[in-house]
Amino acid sequence: MSLSDSDTSSQGSEYKNFRQISRDRLLNEMLRSAKTGDSKSSWKVLIMDKVTVKIMSYSCKMADITEEGVSLVEDIHKRRQPLPTMDAIYFIQPTKENVVMFLSDMSGRTPLYRKAFIFFSSPVARELVNHIKKDASVLSRIGALREMNLEYFAIDSQGFITDNERALEVLFGDEESSRKGDACLNLMATRIATVFASLREFPFVRYRAAKSLDPNTMTTFRDLIPTKLAAGIWNCLMKYKANLPNFPQSETCDLLILDRSIDQIAPIIHEWTYDAMCHDLLNMEGNKYVHEVASKTGGVPEKKEVLLEDHDPIWLELRHSHIADASERLHEKMTNFVSKNKAAQIHGSRDGSELSTRDLQKMVQALPQYSEQIEKLSLHVDIAGKINKIIRELGLKELGQLQQDLVFGDAGTKELINFLRTQQDVTRESKLRLLMIYAALYPEKFEDDKIAKLMELASLPPEDMNAVYNMRLLEASSETKKSSIGSFSLKFDGHKKKHAARKDRPGEVVKWQLSRFYPVVEELVENLSKGELPKNDYPCMNDPSPSFHGTSQTASVRTGQGPAPHSMRSRRTATWARPRNSDDGYSSDSILRHASSDFKKMGQRIFVFIVGGATRSELRACHKLTTKLRREIVLGSSSLDDPPQFITKLKLLSANELSLDDLQI
């Protein structure tokens, strides 16, 4: 029995993206390793807790797990039937409660399983290991005892969350509690550090510094969130550096730690990509969408749950496209499919116009060999149709245009008042989001009751007013704001002063007016990659003293010019960035076929972590920058929030007696 960390697969000859490495470690190092050695049983039981089961489900499918010889998945905290002829793999957090459960399973004369292979998701305390070693009857039944150091949730090929759903409330809430706040940040730090242990990466740790307007102002807990998190991660990394085999001894990548105050607009503004619109406008549960499919018997259409994820090639191709582009491409695909299949022409419409569920039903019956392609295509045609209908019904184009104009300084208070007066049928949520954007742009208007009057004009109920007022809790100090997005805090156009939070970026071609907006993260990551991130505002934990920043060695490492050989990574080009050559209903399957083989040499990875929830626009920006900078950008956060969830959380910031269930937008 050895207490060791599993070997990493990121050191292999074929480099993989972030989520592929996480998946490979779980399948190869954990499940497959239990097949070897003195294990005589071919089928095994996999036992997990409520956290590790989520870690597993984000990275692996049930079929992957079964393929590795697991016939049964169990919850450690539920009563389980004894299977004394089978081996068990325990993938659990290193808590006292879990260790006690494990010992009760495996001790005494009649253990539940033949042999146990234990894998902890994060570093285990020495006293818990001693507790296990004390029981001689258990000791002989342990096949492995290891730290997997994998306690994060891979939500995307380039994204993870630490699953601290209440981080915004605990850290930014009205009632500051440093005890709760520290506990939240400590858990976050432990989980983030396991990302680096898993990938065998040692980062330069940069963080947004706390800034006070004057030396006499006391720094609040809120101001210190990135600083405290950086210190927590650093402590974990130092332990890995000292104790973990094959952990790099010099820096191999960059980590930038931010919090939600750097960009209050991104979580609220309407993001017009297919992915963001699905999650913002459709009542989806996670990535699950309920779709009506044609019945194979020709009867009433059946309801079917589908997952909008990477295994769907059409989703992979279209998810980061503007909804108008996505709709156009789907129309092309359907037209091409129909034009190339005579049977489809008979049952479908010849001009490729909207196909009804009944038309698709007939096509599936006439072309059984293409049923999968027709179903995939009809799924997305159905979704895009629903989204476009909602956009029309809610008048989102006009609303979206005003949102963009406010953010870019092309509209102000006058235009907002005019919109609220003339657009009487705008939904409550639309008005709320508009006023939240206004509050983020004009925080000084809280002082002269201007925002209160606007909320009155919009007839917002008290709980919605709460969300607008709580935008103040996310305010960064003015000095920090100036430096992080200083280039576009104020613009002058002739004699007219423009109050803009963004300015159009030189060299960026924006096809759609509604897609002018970009998250602040995009600019910060680009500056970090170029070595232009201000050192006073974003200090580095690795530097022994401020003057160290100036050395040529760190400058070259940090700009990403000519990274060291050990940090080279092969990455696949983000699918939305590739030339569009799939023109029929189903050739986008080729995207999946080439996904694993289309690797390019990349520079050092950049990790960005946002405390308080990340957005889909920020995740999209990371995919876009991966192609542009030729460095894999991995986005981490305490949670991934769509606007409805974010607004609900914001209402909770000053409503501690309420729970998430009490509030509906």
Side-chain angles (χ1 to χ4, degrees), residues 57 61-64 157 273-279 281-321 323-390 575-576 580-595:
S57 65
K61 298 268 174 280
M62 197 62 212
D64 299 330
S157 59
T273 59
Y274 185 43
D275 177 11
M277 284 267 146
C278 284
H279 288 89
L281 302 182
L282 306 175
N283 288 324
M284 286 175 61
E285 193 183 313
N287 293 333
K288 204 187 292 171
Y289 174 75
V290 179
H291 173 47
E292 278 196 353
V293 292
S295 162
K296 290 185 172 65
T297 57
V300 182
E302 300 161 2
K303 290 203 167 178
K304 185 180 173 186
E305 281 186 354
V306 286
L307 289 172
L308 299 180
E309 287 177 350
D310 293 8
H311 58 77
D312 175 345
I314 299 178
W315 173 255
L316 208 53
E317 184 189 349
L318 299 180
R319 63 181 177 160
H320 292 141
S321 305
I323 182 63
D325 267 337
S327 304
E328 196 182 303
R329 278 198 239 172
L330 285 166
H331 180 75
E332 278 172 31
K333 284 174 184 293
M334 192 54 102
T335 307
N336 280 313
F337 180 81
V338 171
S339 69
K340 287 175 185 175
N341 291 279
K342 284 183 178 164
Q345 289 168 30
I346 296 161
H347 299 289
S349 54
R350 288 168 189 280
D351 60 356
S353 60
E354 292 282 310
L355 287 161
S356 70
T357 310
R358 191 153 186 76
D359 291 334
L360 290 163
Q361 195 175 34
K362 287 176 181 168
M363 276 168 66
V364 169
Q365 286 162 347
L367 299 161
Q369 71 273 37
Y370 294 126
S371 65
E372 198 184 329
Q373 288 94 317
I374 297 167
E375 274 181 22
K376 269 183 191 164
L377 200 47
S378 67
L379 162 71
H380 292 285
V381 168
D382 173 52
I383 293 173
K386 274 188 186 164
I387 290 170
N388 285 317
K389 185 169 179 261
I390 293 169
T575 45
W576 54 267
R580 190 164 104 225
N581 53 12
S582 99
D583 58 355
D584 63 14
Y586 45 92
S587 66
S588 54
D589 280 335
S590 59
I591 287 174
L592 281 188
R593 281 200 297 277
H594 297 308

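Computed from a prediction, not measured in an experiment: that's the story for all the values here. We're numbering straight along the sequence, starting at 1.
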Test item: [X] and [Y] side chains (from C-beta on) under 4.5 Å apart, heavy atoms:
{"X": "Trp315", "Y": "Leu379", "result": "no"}
{"X": "Ser321", "Y": "Glu328", "result": "no"}
{"X": "Glu375", "Y": "Val306", "result": "no"}
{"X": "Asp275", "Y": "His279", "result": "yes"}

Smallest separation among heavy atoms of Leu330 and Ala384, with atom names: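 Answer, listing the atom of Leu330 first, then Ala384: CD1-CB, 3.8 Å.
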Shortest non-hydrogen separation from Cys278 to Ile383 and the atoms involved: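 So the two residues come closest at SG-CG2, 3.6 Å.
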Ser378 backbone acceptor or donor facing Asp382 side chain under 3.5 Å: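 Here the side-chain-to-backbone pair does not exist.
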Polar side-chain atom of Asp312 near backbone of Glu309 as donor-acceptor pair, under 3.5 Å: no
Qualifying residue for side chain to side chain donor-acceptor pair (under 3.5 Å) with Tyr274, from Arg329, His380, His320, Arg319: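 When Arg329, His380, His320, Arg319 are each tested with Tyr274, the side chain to side chain donor-acceptor pair (under 3.5 Å) holds only for His380.
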Passing candidate, side chain to side chain contact (heavy atoms under 4.5 Å, CB included) with Ile323, options Leu318, Asn388, Thr273, Leu281: Asn388
